[in-house]
2 protein chains.
Amino acid sequence: MLKLDARRRILLRTVVEEHVRTAEPVGSEHAALRGRLQVSPATIRSALASMEELGLLTHPHTSAGRIPTDRGYRVYVDMLPKADPASSSARQKMRRRLGDPAEEPGDVANDAARVLAGMTGYASVVAAPALQEQTFSSLHLVPMGERRALAVIATDSGALQGHSIELPEGVVPDDLEHLSRAITQWLRGSRVGDLTHQRLEQVLGEASHHHRWLEEVKAWLCRGLARGVRPQIRVAGARHLLAEPEFKSPDRATRLFEVLENESVLDGVLAAVPEEGVWILIGEENPHEQLRSCSLVMAAYRAGDRRGGTVGILGPTRMRYRSAVTAVRCVAESLSEAMRSSA
Amino acid sequence: MLKLDARRRILLRTVVEEHVRTAEPVGSEHAALRGRLQVSPATIRSALASMEELGLLTHPHTSAGRIPTDRGYRVYVDMLPKADPASSSARQKMRRRLGDPAEEPGDVANDAARVLAGMTGYASVVAAPALQEQTFSSLHLVPMGERRALAVIATDSGALQGHSIELPEGVVPDDLEHLSRAITQWLRGSRVGDLTHQRLEQVLGEASHHHRWLEEVKAWLCRGLARGVRPQIRVAGARHLLAEPEFKSPDRATRLFEVLENESVLDGVLAAVPEEGVWILIGEENPHEQLRSCSLVMAAYRAGDRRGGTVGILGPTRMRYRSAVTAVRCVAESLSEAMRSSA
DNA sequence: GGCTGGCACTCCTCCGCCCGGAGTGCCAGC
DNA sequence: GCTGGCACTCCGGGCGGAGGAGTGCCAGCC
């Protein structure tokens with residue numbers, strides 16, 4: 001663990017915060033002033049130089065001020081006071097801005113993304129609760145046209161997932177209805193992710209020998225639901241990033257936006273966030289090549305008593321981490337609360 | 001109607017296509033060469049000057065070549081050969097790239113947006129079929145927790161829409177099921193947009209006097225479904241726009257991305273597209289202020305025998321209109337076909 | 001009348017240059 | 001361990017000139 005004396009800690013904080021504010025390198029004189037350190041710039045310079053040796057700062061060229069390295073940001077972030085959970089008044093205000101998840105379950109992720117982007121001025125990324133983490137509530141087989149049925153799964157948090165299957169001749173609506181009811185009763189309360197092949201075999205086994213097309217339902221239930229379902233990821237406020245000087249070069253911006261349009265990459269990053277606390281990835285810490293020039297501040301939320309999804313902020317490494325952490329924590333907590341009360 | 005002689009038509013086409021290709025003003029000599037006109041640059045110059053008087057061309061400064069005005073692009077576009085419908089082989093190839101809408105109804109718009117962006121190298125915008133244009137297929141009231149039910153509507157093209165409602169005491173799952181079945185039977189086959197208050201009053205009237213909570217279902221059915229449901233709009237390939245020189249200035253790009261993140265503006269534009277043909281808006285023609293520096297190429301597609309949604313391309317006014325029109329038409333036709341066969 | 005080559009003119013863009021300023025590292029002295 | 005002084009480095013902006021692309025106009029030609 002890195003040990004910094006008080007002056008260096010103050011200096012690191014000052015350099016980070018000034019650089020974040022102005023996007024310019026911070027000189028020794030300016031740092032002394034802003035850090036309210038009552039020593040001369042020369043003294044500051046030697047301290048800065050030592051922190052450069054530690055890998056916390058660099059300077060872009062000989063006669064420029066200091067800017068933090070990724071490692072510097074990391075140490076800065078770890079030094080931030082562990083904020084207490086968002087005040088309940090803040091959370092209430094937040095909940096009013098998020099739609100009522102009980103009313104329009106699908107839209108909450110959307111709202112959260114929008115609110116988060118608006119609060120922070122960065123891009124936000126929100127993953128809806130993964131279907132397989134939710135609790136199975138019902139299956140409906142709805143006749144569609146002559147030889148097709150729409151199989152609809154509903155979960156206890158109100159998510160819907162449909163899939164159309166072909167029917168053999170001779171299946172009548174009543175068959176579908178009986179079957180829907182039976183399957184619903186058998187499976188209600190299961191975790192969707194637990195609907196493995198064996199489990200379905202047990203439940204549907206006998207019937208599916210008689211009805212060949214049930215195989216298709218079964219296949220869909222485990223393949224489609226276990227993991228094939230596309231992750232629902234919302235991005236909002238991407239436009240804010242264009243204003244940041246680090247993304248003013250078109251190809252940097254392009255690379256960034258490639259990631260933001262790539263759901264599987266985003267899903268990978270968001271899914272790796274632990275259930276508790278705010279998770280931060282700074283520049284080079286990022287597992288994904290294309291995200292190495294940005295930072296992510298993320299937190300998981302809960303849906304009822306299961307893991308829900310993840311909310312996050314994406315911005316330049318030169319990010320206002322403190323407000324990002326506050327916003328992410330507040331939205332995640334509010335979402336958890338909203339989705340607890342509706343379950 | 002504007003009359004141009006053959007030479008001027010060739011020149012307009014040449015200037016537009018060269019400018020589109022290079023993003024640079026086109027000089028008289030270059031235009032003569034590229035247009036294979038066997039006259040001297042001086043002659044070309046006088047023709048260009050006359051077209052400038054007509055408002056089809058400008059030049060950025062005295063000693064620069066010509067660039068098209070919005071009006072020039074418009075005349076150019078109107079001159080394009082009315083392409084015949086996409087060849088069936090192209091459409092087949094396309095359909096393979098679009099997921100099977102029968103399988104994952106929700107994802108088709110997503111796929112279409114992605115394909116369109118990939119084909120053209122611009123941003124694509126796809127509106128899913130509006131719920132109210134679809135045909136009601138079934139309603140399910142699924143019990144959720146103690147005092148809530150999830151009301152789910154399914155349409156014949158496989159779209160799902162859920163809404164959670166509160167139940168009074170004493171309603172048991174069997175009530176919900178009977179009611180679901182009854183409502184489904186009463187309403188099956190109606191256009192969702194036709195589920196007006198009166199219509200529901202007729203159907204539910206008697207029952208809803210006995211069951212107060214039915215009012216809530218009814219209110220949702222007409223309010224929520226008639227128009228309150230958020231339009232489903234997918235944007236893909238926005239990153240491509242960052243590479244265009246016209247959007248390299250951050251604030252132009254920002255303004256553009258504001259629109260792309262604003263679903264209601266996009267919905268307004270897409271909903272105004274006529275059912276037949278490819279609809280093009282060039283620069284100043286655009287009703288929305290913020291879209292005045294871009295062009296849109298759009299076409300509606302059909303879902304079964306009703307109006308479906310709209311697909312479109314958004315790019316700079318300096319756009320490869322021909323390939324955009326081809327792509328948009330091809331995707332719209334393939335979508336219409338895919339959604340006909342699945343209905 | 002329409003087309004042509006010639007010509008003067010305009011204006012942009014690029015390049016090299018220089019200079020001021022900001023900030024550094026080092027050092028001797030307190 | 002802190003300080004002021006000092007030499008040094010390097011960036012960024014401003015200036016000016018050269019080069020070049022393209023124009024408009026005009027007199028002459030077919």
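Being a predicted model, the structure only gives us computed values, none of them experimental. Convention: sequence-line order gives letters A, B, ...; per-chain numbering from 1.
A close approach under 4.0 Å does occur between a side-chain nitrogen or oxygen of B:Ser40 and OP1 or OP2 of C:dT4.
Of the candidates A:Ile282, A:Val20, A:Thr326, A:Ile282 is the only one forming a side chain to side chain contact (heavy atoms under 4.5 Å, CB included) with A:Tyr321.
Of the candidates C:dG25, C:dC11, D:dC10, D:dC10 carries the atom nearest the A:His61 side chain, counting heavy atoms from C-beta on. The listed nucleotides are D:dG24, C:dT4, D:dG4; the one nearest the side chain of B:Arg66 is D:dG24.
The CG atom of A:Leu57 sits 15 Å away from the P atom of C:dG23 (whole-angstrom rounding). A:His30 has its NE2 atom 9 Å from the P atom of C:dG23, to the nearest Å. Atoms CD (A:Glu24) and P (C:dG21) sit 17 Å apart, rounded to a whole Å. The CD-P distance, from A:Glu29 to D:dG5, rounds to 13 Å in whole Å. Atom CZ of A:Arg7 is separated from atom P of D:dT3 by 8 Å (rounded to the nearest Å). Distance, B:Gln38 CD to C:dC3 P: 14 Å, rounded to whole Å. In this structure, B:Leu33 places its CG atom 12 Å from P of D:dG22, rounding to the nearest Å. Atom CZ of B:Arg8 and atom P of C:dC3 are 9 Å apart (whole Å).
Looking at heavy-atom distances under 4.0 Å, B:Ser28 makes contact with sugar-phosphate atoms alone, never a base. A:Ala64 comes within 4.0 angstrom of the backbone, heavy atoms only, and of no base.
From A:Leu11, atom CG reaches atom CG of A:Leu37 across 5.5 Å, with rounding to the nearest 0.5 Å. Separation of atoms CZ (B:Arg318) and CD1 (B:Ile67) is listed at 10.5 Å; rounding is to 0.5 Å. Interatomic distance, A:His288 NE2 to A:Leu281 CG, rounded to the nearest 0.5 Å: 10.5 Å.
Checking A:Pro25 against B:Pro41, the closest nucleotide of DNA chain C that is more toward the 5' end is the one next to B:Pro41.
Below 30°, between 30° and 60°, or above 60°: for B:Phe257 and A:Phe257 the angle between ring planes is above 60°, a perpendicular geometry.
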Can you give me the N/O atom pairs linking the protein to nucleotides 7-10 of chain C at distances under 3.5 Å, or say none if there are none?
| residue | atom | partner | partner atom | Å |
| --- | --- | --- | --- | --- |
| C:dT10 | O3' | B:Thr62 | OG1 | 3.3 |
| C:dT10 | O2 | B:Ser63 | OG | 3.4 |

Distance-only check: which donor-acceptor pairs under 3.5 Å involve side-chain atoms of residues 56-66 of chain B, not counting sequence neighbours?
| residue | atom | partner | partner atom | Å |
| --- | --- | --- | --- | --- |
| B:His61 | ND1 | B:Ser63 | N | 3.4 |
| B:Arg66 | NE | B:Glu52 | OE1 | 2.8 |
| B:Arg66 | NH2 | B:Glu52 | OE1 | 2.9 |

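Axis angle, first five pairs versus last five pairs of the helix from C:dG1-D:dC30 to C:dC30-D:dG1: 20°, rounded to 10°.
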